[in-house]
Amino acid sequence: MGTMGSSSKPLSRFWEWGRNIVCVGRNYAEHAKEMGSAPPAEPLLFLKPSSAYVREGAPIVRPYYCRALHHEVELGVVVGRGARAVPRDAAMQHVAGYALCLDMTARDTQDECKRKGLPWTLAKGFGTSCAVSDFVPKEQIPDPHKLQIWLKVNGKMRQEGDTSSMIFSIPYLISYISHIFPLEEGDLILTGSPKGVGAVEVDDEIEAGIRDVVSVRFKVAQEAPESKI
Ligand SMILES: O=C(O)/C=C/C(=O)CC(=O)C(=O)O
Ligand SMILES: [Mg+2]
């Protein structure tokens, strides 16, 4: 079994660590456009709680307050070594590997948050909002800016994007984030969604992947009404 970064923790334990999830928004111009937003001049950041992780085998659960649950397929970057105010040219030394991630979004809630000028926590941070694939060690991906990421719903292609289209590159993002707060071993950075986001319904099957590298499948379920506040 492999290990991540300089630690001797086995990889299979990685997702159990429950580390920070840092998300980048509007990092693909065409997705910003489809949302009616301008491409950002600096990275737009938000966080998900570590309890948002969901792995294959468990469903993605639509929260009781959501009527429009959207998929966003994204390349995840796994931090292998703590990073504090790192320069761009040293940033990639802090990467352990990658994952295919879904930034599941309660879009109707996000629209309301945007209208009211509120944070996006309810829209982006609910339990199971961060679906992840197996960890892919960096040695398997010579250039993370030359990857095709894709997503199908019930067998129909919905998103196809190329990581070369990111506005802010991975070293830029690591450097930028690490100047705001320290990144820690095991943290995950979601690098933003390409265009084509859309709704999923209960019992839909989402399949997504990094072409020729890794893929995942998730079913969509509904949160039980008794969980309502
Ligand atoms: O611009 C908007 O209204 C919404 C953007 C997002 O949801 C940001 C992302 O999560 C993304 O670009 O991946
Ligand atoms: Mg996103």
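Atoms within each ligand, like the ligands themselves, are counted from 1 in listed order. Quantities reported herein were computed from a predicted structural model and do not represent experimental measurements.
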- Query: Going by atom types alone, do Lys124 and Thr105 pair a side-chain donor with an acceptor below 3.5 Å?
  - Reply: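 There is such a pair (donor and acceptor under 3.5 Å, judged by atom type) between the side chains of Lys124 and Thr105.
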- Query: Quick one: which of His70, His71, Lys48 gives a side chain to side chain donor-acceptor pair (under 3.5 Å) with Asp103?
  - Reply: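 When His70, His71, Lys48 are each tested with Asp103, the side chain to side chain donor-acceptor pair (under 3.5 Å) holds only for Lys48.
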Dump the pairs for me: ligand 1 N or O, protein N or O, distance under 3.5 Å, to 0.1 Å.
from: ligand 1; atom 1: 1 (O); to: Arg26; atom 2: NE; distance (Å): 2.6
from: ligand 1; atom 1: 1 (O); to: Arg26; atom 2: NH2; distance (Å): 3.1
from: ligand 1; atom 1: 1 (O); to: Ser37; atom 2: OG; distance (Å): 2.6
from: ligand 1; atom 1: 3 (O); to: Lys114; atom 2: NZ; distance (Å): 2.2
from: ligand 1; atom 1: 7 (O); to: Glu72; atom 2: OE2; distance (Å): 3.2
from: ligand 1; atom 1: 7 (O); to: Arg107; atom 2: NH1; distance (Å): 3.2
from: ligand 1; atom 1: 7 (O); to: Gln110; atom 2: NE2; distance (Å): 3.0
from: ligand 1; atom 1: 7 (O); to: Lys124; atom 2: NZ; distance (Å): 2.9
from: ligand 1; atom 1: 10 (O); to: Glu72; atom 2: OE1; distance (Å): 2.9
from: ligand 1; atom 1: 10 (O); to: Asp103; atom 2: OD2; distance (Å): 2.9
from: ligand 1; atom 1: 10 (O); to: Lys124; atom 2: NZ; distance (Å): 2.7
from: ligand 1; atom 1: 12 (O); to: Arg26; atom 2: N; distance (Å): 2.7
from: ligand 1; atom 1: 12 (O); to: His31; atom 2: NE2; distance (Å): 3.3
from: ligand 1; atom 1: 13 (O); to: Glu72; atom 2: OE1; distance (Å): 3.0
from: ligand 1; atom 1: 13 (O); to: Glu74; atom 2: OE2; distance (Å): 2.9
from: ligand 1; atom 1: 13 (O); to: Ser193; atom 2: N; distance (Å): 3.0

- Does the side chain of Ile206 come within less than 4.5 Å of Arg158's, by heavy atoms?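 Not touching, per the 4.5 Å side-chain cut-off.
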- Item | Side-chain heavy-atom pair Pro119, Phe46 within 4.5 angstrom cut-off |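 No. Closest side-chain heavy atoms not under 4.5 Å.
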- Query: Excluding waters, which protein N, O or S atoms are within less than 2.8 Å of the Mg ion (ligand 2)?
  - Reply: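 Near the Mg ion (ligand 2), below 2.8 Å, one finds Glu72 OE1, Glu74 OE2, Asp103 OD2.
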- Which distance, rounded to the nearest 0.5 Å, do you find between the NE2 of His94 and the NZ of Lys138?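 Nearest 0.5 Å value for the NE2-NZ distance: 9.5 Å.
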- Task: Could you pull out all residues at least two apart from Lys219 that satisfy side chain to side chain contact (heavy atoms under 4.5 Å, CB included)?
- Result: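 So Lys219 forms a side chain to side chain contact (heavy atoms under 4.5 Å, CB included) with Glu205.
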- Using the test side chain to side chain contact (heavy atoms under 4.5 Å, CB included), find all partners of Pro87 that sit at least two apart in sequence or belong to another chain.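 Testing Pro87 for side chain to side chain contact (heavy atoms under 4.5 Å, CB included), a comparison that skips the adjacent residues, returns Asp89, Ala90.
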- Same apolar cluster: Val61 and Tyr64, side chain cutoff 4.5 Å: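 Different clusters.
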- Message: Would the distance check show the side chain of Ser175 and the main-chain N or O of Val86 forming a donor-acceptor pair, the cut-off being under 3.5 Å?
- Response: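 Side chain of Ser175 to backbone of Val86, a donor-acceptor pair under 3.5 Å: yes, one is there.
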